[in-house]
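Worksheet for the structure shown next.
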Number of protein chains: 2
Amino acid sequence: MPKEVTLRDVATQVGVSPRTVSRVVNDEGGFSEATRQKVLDAVEQLGYQPNMLARGLITRRSGTVGLVGGGMTDPFFPALAERIQRKAREAGRTMFFASTDSDPARQADVLKSLWSHAVDGVIVFPALDTIDQLTSYARRGLPVVIVDDQADAPNLACVSFDLEAGAAMATRHLLDTGRSRLGMIASSLSPPRRRNRERGFLRGLRDSAAGASPPEVVRMLPTVEGGETGMGQLIDRRPDIDGVFAYNDLVAIGAMRAAKARGRRVPDDIAVVGCDDIDMSSLVTPALTTVRLDRPLLSEEVTQALHELIDAPGIPRDPVKLPVELVVREST
Amino acid sequence: MPKEVTLRDVATQVGVSPRTVSRVVNDEGGFSEATRQKVLDAVEQLGYQPNMLARGLITRRSGTVGLVGGGMTDPFFPALAERIQRKAREAGRTMFFASTDSDPARQADVLKSLWSHAVDGVIVFPALDTIDQLTSYARRGLPVVIVDDQADAPNLACVSFDLEAGAAMATRHLLDTGRSRLGMIASSLSPPRRRNRERGFLRGLRDSAAGASPPEVVRMLPTVEGGETGMGQLIDRRPDIDGVFAYNDLVAIGAMRAAKARGRRVPDDIAVVGCDDIDMSSLVTPALTTVRLDRPLLSEEVTQALHELIDAPGIPRDPVKLPVELVVREST
DNA sequence: AACGTTGGCGTCAACGTTGACGTAGCTGCC
DNA sequence: GGCAGCTACGTCAACGTTGACGCCAACGTT
């Protein structure tokens, strides 16, 4: 990288000290309108860009935030990442993106790397059993926003959807539309603490007056393939199954494929409900009934929480739980 | 952010100078095996992490690369971004991700921001008419890899798929399977220079011995909605149309929806070919015939080009053109 | 014994910026 | 006239690291 334009270059051109240029650039005050204009003109003319590394070295603010997710293969994530990135840029920060493949070790690497780049804060979709890892960083002073899990520490905020309520809604919807032999395809990547969907599913069943038969639950990787094998197993275990709630829409889509492959019609023979409401869900046939997670809302809450943690450190934040909504389409 | 562990901390603990610790950490040589061990132990024990900002300030290498794309709503991009990010991490670099919404002004902002963060290089899916912008950065010393467009400058490499050949293959496939009244839904975001798909489509028609009737081409936003309106227009203009090549798979999926909505069966009444081979394409019904772009290959080529530009600047690189492949499924 | 060479390490300055502090000149007020 | 208080700057050091260079002891060579 060749020479860049520095504060000093601007300063000598204008005939002031670098410190004054710095004041103007950062709008600190303490300069006359006349010098302000001259400095800004020179900045424009020379094409000066502040060196964020130097600034970050001294202010301990790099103007960057990290977004750490399990992966981008689930379409839920990219759409969210894009919104978060937009909001970060509106707040004048640049986003580092990193995916962990849902692997705790990789997540550790990623956080180490982000830390050494002095990110101002991170938003994390945590991998399995990594809450301690995250609270440790938070305690060391890194603002952390955790999505879809709970923890308590300084510099830490939690935002999640009310998935338990969503799952209960989905279950009740299945029961209300006449299904009584239900199953669920859950995720093998969720530790017990985070099995809100399963809790909601069971609660929905318990709450229902109608005495539905005991449910089947299988746990799979949360992918289309996982949904396919999951549905296969459910049908094997309980051939008369007539309603399935899936961990997410990808799983649900896989489940519908498997059902069709086994000659069961959706929704006539078996109803399927997903969770997320990814773009694809309204495009498949039959269009998927699903629990919609409001991504604009989530990105709003998450970035706001992060920026508050960064700009006003120390003040504790209550965990946020966001409402969800059932979108009924053709698969039920 | 509270105090971090620095070279000096490690140095005083071991009883050597910071410079020596630096030598060990960077494996520069010039130290004994004994001190190496002691230093590494201390590094481990204190949890030392090099401060990339300070290092970058002096070496002018920040250990970061930028990935600049139009957006993540097209599923083609995330899958690619993830692979590129993985490769970057394998090479010891961290990835900044930034989306431009395909807006030249936003792209300018994004590049400015990345530049001020002293990224070592960028991979860009360029927005409309931004080649000058990019070559300007390249000339100022920033390694730039441009995907799917051409330019010539120092510090610049180009990688693209042979979309013209792919489009020609798709077109010939349509003709070979008995379609003769063809249309294409192209992208309104492609400048004339980058309309390789259209060129291939027309070439495929010209090359065919059978005298097919003159084709219709409409230009839409490359989204599902764009595909829907595009197919609508094609049918209006030419009610007997029986084969459509779409700019990408999202457009193709939209086109199939519109065809069905108008009572035309796919593939019986009208055949549809897409381009990209996103995951969704094998999942929709009918499964989409498409021109597959090999994402692992692209990410490999792109990252290799970038790392070569970074590590061996100055040597010119010929543009790379990657082969594509037709995947025949049910929609033709 | 004198000399060059090498390995192993320290010293110092610099990267570009900002925090802390200093100061010259002016204004206003008793 | 003296002094406080302001405005508009400048000066200096520091952030954590590495590049350039220098130094000393140990070793081999003539």
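Chain letters run A, B, ... following the sequence lines, proteins first and then strands; every chain starts at 1. Bear in mind the structure is a predicted one, so any value in this text is a computation, not a measurement. FYI, side chains are in, hydrogens and waters are out, and symmetry mates aren't considered; it's all heavy atoms of this structure.
Distances shorter than 4.0 Å separate none of the side-chain N or O atoms of A/Thr6 from OP1 or OP2 on C/dG16.
Shown here are the ring pair (Phe, Tyr, Trp, His ring centres under 6.0 Å) partners of A/Phe76, two or more places apart in sequence or in another chain: there are none.
With rounding to whole Å, A/His117 atom NE2 is found 17 Å from D/dG16 atom P. Rounded to a whole Å, the CZ atom of A/Arg61 is 16 Å from the C1' atom of C/dT17. At whole-Å resolution of the value, CG in A/Leu7 and C1' in C/dC15 are 13 Å apart. At whole-Å resolution of the value, CG in A/Asp9 and P in C/dC15 are 11 Å apart.
Pair assignment for D/dT30 gives C/dA1, based on Watson-Crick or G-U wobble hydrogen-bonding distances that are each under 3.5 Å.
Here B/Asp101 pairs with A/Arg86 in a salt bridge; the nearest charged N to carboxylate O distance falls below 4.0 Å.
A/Gln85 and B/Ser99 share a donor-acceptor pair across their side chains, judged by distance under 3.5 Å alone. In the model, A/Gln133 has a side-chain atom that pairs as donor or acceptor with a side-chain atom of A/Gln107 under 3.5 Å. Inspection of the B/Thr35 and B/Ser32 side chains reveals an N or O donor paired with an N or O acceptor under 3.5 Å. Side chains of A/Thr94 and B/Ser113: a donor on one and an acceptor on the other come within 3.5 Å.
Scanning both residues, A/His117 and A/Thr64, for their nearest heavy atoms gives O-OG1, 4.5 Å. The two residues B/Ala127 and B/Arg194 make their nearest non-hydrogen contact at O-NH2, 3.5 Å.
A heavy atom closer than 4.0 Å to some atom of DNA chain C occurs in A/Arg19, A/Ser22, A/Asn26, these being the qualifying members of residues 18-38 of chain A. Near DNA chain C, meaning a heavy atom under 4.0 Å away, the residues from residues 46-59 of chain B are B/Leu57, B/Ile58.
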